[in-house]
Amino acid sequence: MSDHAADPATEDFVTHRNLLFTVAYEMLGSAADAEDVLQETWLRWVKVDLGQVRDRRAYLVRITTRQALNRLRTMTRRRESYVGPWLPEPLLTSPDVAEDVELAENMSMALMLVLETLAPTERAVFVLREVFDVGYGEIAAAVGKSPAAVRQIAHRARRHVDARRPREAVSQSETRAVLESFRRALDTGDLQGLLDVLAPDVVMVGDGGGLKQAALRPVTGAEKVARYIIGGTGRVPNTVTVDQTMVNGNPALLMRLDGELDGVLAVSVEGARITGLYYVRNPEKLTRVESETPLTLR
C-alpha cells in the first residue's frame, strides 16, 4: 500500500488504520481477526467512489463494523468447539494508552470479557456508542437497523454491561502495587501472601485453547485460587520469572519459564484486592505481547 502514498483512498485508510483496528479488536477480542477485518475493509474501500462520501472516517468505520459483525457471527459458532474458557487476545500497549483512562478501561480484559456475553449486534452497538461515541444514525447504517431500534439495543446493552462491569475504577498505580504484592507472594510460594491480595470471591480464568494446560472451568474463591496457583508453580521444574508489563492499557504480568514466554496474566482489582485473574497461555494468542499495538478511540 505504501507504493501508492499519494492515492487519497490509501491516505484515508492509513490515517484511520489504528482507529479501525481498535474498533474491530474491541468487537472481536482477537487481533488476528481484527487484521483480517481491516484487509476486507481495505478491499471494499478502494472500490468506493470517494466523491460520493461526505465523511470518510465515518464511512470507513461503517465498513469495518459490517465486516467485524460478519466475522463475529462466525466466531461465535467457532468458539462453541473451543477447549476450555475463551479469553481475549492480549495486546502489549504503549504508556499513552494507559494514560487515556477511558481507552484503558474499555480495553481491559475484565470489560472485554463482559462484552463476550452480548449478542453480536448488541456488542457492535455498545462498542460504537459507548466506546467510540458514534451517533445513532451512523450506527444504524452500520448494523442495518433503524435509529429507534439502535437506541433500544444500546439501552439494553448498557444495562447488561453495567450490571457486570467492575464496580469501581482503580488507578494504574494501585493496580501495579497489588500486582507487585501478588508477584512477591508468587516468587516465595507464600500462600498467606496470596490470600491477603485476593478478594474472597476472586475468579481465575485460564485459556490454554487445548494447546497448553489450563483449568477447563473458572476457579472461584480465594482459598481455591491461591492453592491452585501455588500448586501449579510448585509442580513446574523450570525457573519461573514474572515481569510487570502493560496489556490492553492496564498493568499485567508476563510469565516466563526458563526465559520462554508461558503466558500473560491480566487482573481486575477492586478495593486493593484482585477480583479477577485472566491467564492466557494459548500460544496462538501470545503473538502480540512482544511489540506494542497502537490503539486509539479517535
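We're numbering straight along the sequence, starting at 1.
- Remark: the Thr296 side chain and the Thr22 side chain contain no N/O donor-acceptor pair separated by less than 3.5 Å.
- Asn106 is listed as a side-chain neighbour of Glu26, based on a closest heavy-atom distance under 4.5 Å.
- Aromatic ring centroids of Phe13 and Trp45 lie 6.0 Å or more apart.
- Hydrophobic clustering of Ile, Leu, Val, Met, Phe, Trp and Tyr side chains at less than 4.5 Å, counting indirect connections, unites Ile63 with Leu43.
- The hydrophobic cluster containing Leu87 does not contain Val114, counting ILVMFWY residues as joined when their side-chain heavy atoms lie under 4.5 angstrom apart, directly or transitively.
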Run the side chain to side chain contact (heavy atoms under 4.5 Å, CB included) test on Asn248 and Ser108 for me, step by step, so that the C-alpha distance in whole Å, both residues' side-chain angles and the decisive distance to 0.1 Å come before the verdict.
CA-CA 6 Å; Asn248 289 42; Ser108 72; 5.9 Å; no

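- Note that CD of Gln244 is 7.0 Å distant from CZ of Arg176, once rounded to the nearest 0.5 Å.
- A continuous path of hydrophobic side-chain contacts links Leu286 to Val205 [ILVMFWY only; heavy atoms under 4.5 Å].
- Salt bridge absent: Glu11 and Arg17 never bring a charged side-chain N and a carboxylate O closer than 4.0 Å.
- Between Tyr278 and Leu113 the shortest side-chain heavy-atom distance falls below 4.5 Å.
- In this structure, the side chains of Pro88 and Met109 come closer than 4.5 Å at one or more pairs of heavy atoms.
- Contact detail for Pro283 and Leu211: the closest heavy-atom pair is CD-CB, 3.9 Å.
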Walk me through whether Arg151 and His155 qualify under side chain to side chain donor-acceptor pair (under 3.5 Å).
CA-CA 6 Å; Arg151 281 179 186 275; His155 178 70; over 6 Å; no

Verify side chain to side chain donor-acceptor pair (under 3.5 Å) between Tyr82 and Asn282, making sure each step is shown before the conclusion.
CA-CA 11 Å; Tyr82 196 80; Asn282 182 346; 2.8 Å; yes

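- In summary, Asp33 and Arg78 engage in a salt bridge, as defined by a charged side-chain N under 4.0 Å from a carboxylate O.
- Residue pairs meeting the side chain to side chain donor-acceptor pair (under 3.5 Å) criterion with at least one member in residues 90-100, sequence neighbours excluded, are Ser94-Asp96, Asp100-Arg298.
- Linking ILVMFWY side-chain heavy atoms closer than 4.5 Å, directly or via other members, places Leu103 and Val161 in a single hydrophobic cluster.
- Side-chain contact between Val225 and Thr220 is absent, with no heavy-atom pair separated by less than 4.5 Å.
- A salt bridge between Glu116 and Arg123 is present, with a side-chain N of the basic residue lying under 4.0 Å from a carboxylate O of the acidic one.
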Just do the side chain to side chain contact (heavy atoms under 4.5 Å, CB included) check on His16 and Phe21 with the steps written out, would you?
CA-CA 9 Å; His16 300 300; Phe21 176 86; over 6 Å; no

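- Between Asp262 and Lys212 there is a salt bridge, with a side-chain nitrogen of the basic residue lying less than 4.0 Å from a carboxylate oxygen of the acidic one.
- Under the 4.5 Å side-chain heavy-atom criterion for grouping Ile, Leu, Val, Met, Phe, Trp and Tyr, Phe182 is not connected to Val247 through any hydrophobic cluster.
- Ionic pairing of Lys285 and Asp207 is present here: one or more N-O contacts between side-chain nitrogen and carboxylate oxygen are shorter than 4.0 angstrom.
- Counted by atom type alone, Arg288 and Thr293 present one or more donor-acceptor pairs between their side chains at under 3.5 Å.
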Go through the steps to decide whether Arg184 and Asp190 satisfy the test salt bridge (charged side-chain N to carboxylate O under 4.0 Å, His left out), and finish with yes or no.
CA-CA 8 Å; Arg184 278 200 306 272; Asp190 179 3; over 6 Å; no

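- Annotation for Val170 and Val269: closest pair CG2-O, 2.9 Å, computed over non-hydrogen atoms.
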Set out, in order, the CA-CA distance, both residues' side-chain angles and the distance that settles side chain to side chain contact (heavy atoms under 4.5 Å, CB included) for Asp55 and Glu138, then state yes or no.
CA-CA 11 Å; Asp55 183 339; Glu138 190 55 46; over 6 Å; no

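- Summarising the geometry of Ala199 relative to Thr275, their closest heavy-atom pair is CB-CG2, 3.9 Å, with the distance given to 0.1 Å.
- Side-chain atoms of Leu253 and Val264, non-hydrogen and from C-beta on, never get closer than 4.5 Å to each other.
- Arg164 and His160 share a donor-acceptor pair across their side chains, judged by distance under 3.5 Å alone.
- The pair Glu223-Arg227 meets the salt-bridge criterion, since a charged nitrogen lies less than 4.0 angstrom from a carboxylate oxygen.
- A salt bridge links Arg71 to Asp36: at least one charged side-chain nitrogen sits closer than 4.0 Å to a carboxylate oxygen.
- Between the side chain of Tyr228 and the backbone N or O of Ala215, at least one donor-acceptor pair lies under 3.5 Å.
- Judged as a salt bridge (charged side-chain N to carboxylate O under 4.0 Å, His left out), and not counting sequence neighbours, Glu80 has no contacts.
- The minimum heavy-atom distance linking Val37 with Ala24 is given by the pair CG1-CB, 4.0 Å.
- The shortest non-hydrogen separation linking Ala140 to Val150 is CA-CG2, 3.7 Å.
- Atom CG of Asp133 and atom CG of Leu128 lie 10.5 Å apart (nearest 0.5 Å).
- Side chain of Ser268 to backbone of Gly276: a donor-acceptor contact under 3.5 angstrom is found.
- The side-chain contact (heavy atoms from CB on, under 4.5 Å) search around Ala222 returns Leu195, Leu198, Val202, not counting sequence neighbours.
- Put simply, CG on Leu265 and OG1 on Thr245 are 12.0 Å apart, with the number rounded to the nearest 0.5 Å.
- A heavy-atom distance below 4.5 Å is found between the side chains of Met255 and Leu186.
- Within the 3.5 Å criterion, the main-chain N or O of Ala32 finds no donor-acceptor partner in the side chain of Glu35.
- Between Leu91 and Leu295 there is a side-chain heavy-atom pair separated by less than 4.5 Å.
- Inspection of the Ser171 and Glu174 side chains reveals an N or O donor paired with an N or O acceptor under 3.5 Å.
- Taking 4.5 Å as the limit, some side-chain heavy atom of Arg129 sits within range of a side-chain heavy atom of Ile139.
- For the atom pair CG of Asp196 and CD1 of Ile274, the computed distance is 11.5 Å after rounding to the nearest 0.5 Å.
- Contact record, Pro200 with Arg273: CD-NH1, 3.9 Å, taken as the closest heavy-atom pair.
- At a cut-off of 3.5 Å, with distance as the only test, a side-chain donor of Arg73 or Thr121 sits close to an acceptor on the other residue.
- Rounding to the nearest 0.5 Å gives a distance of 11.0 Å between CG of Leu118 and CE of Met27.
- Relative to the ring axis of Phe126, Arg158 does not place its NZ or CZ within 45° and under 6.0 Å from the centre.
- For Asp12 and Arg56, the salt-bridge test passes: some basic side-chain N is under 4.0 Å from an acidic carboxylate O.
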Run the side chain to side chain contact (heavy atoms under 4.5 Å, CB included) test on Arg256 and Leu254 for me, step by step, so that the C-alpha distance in whole Å, both residues' side-chain angles and the decisive distance to 0.1 Å come before the verdict.
CA-CA 7 Å; Arg256 289 189 171 89; Leu254 283 185; 3.8 Å; yes

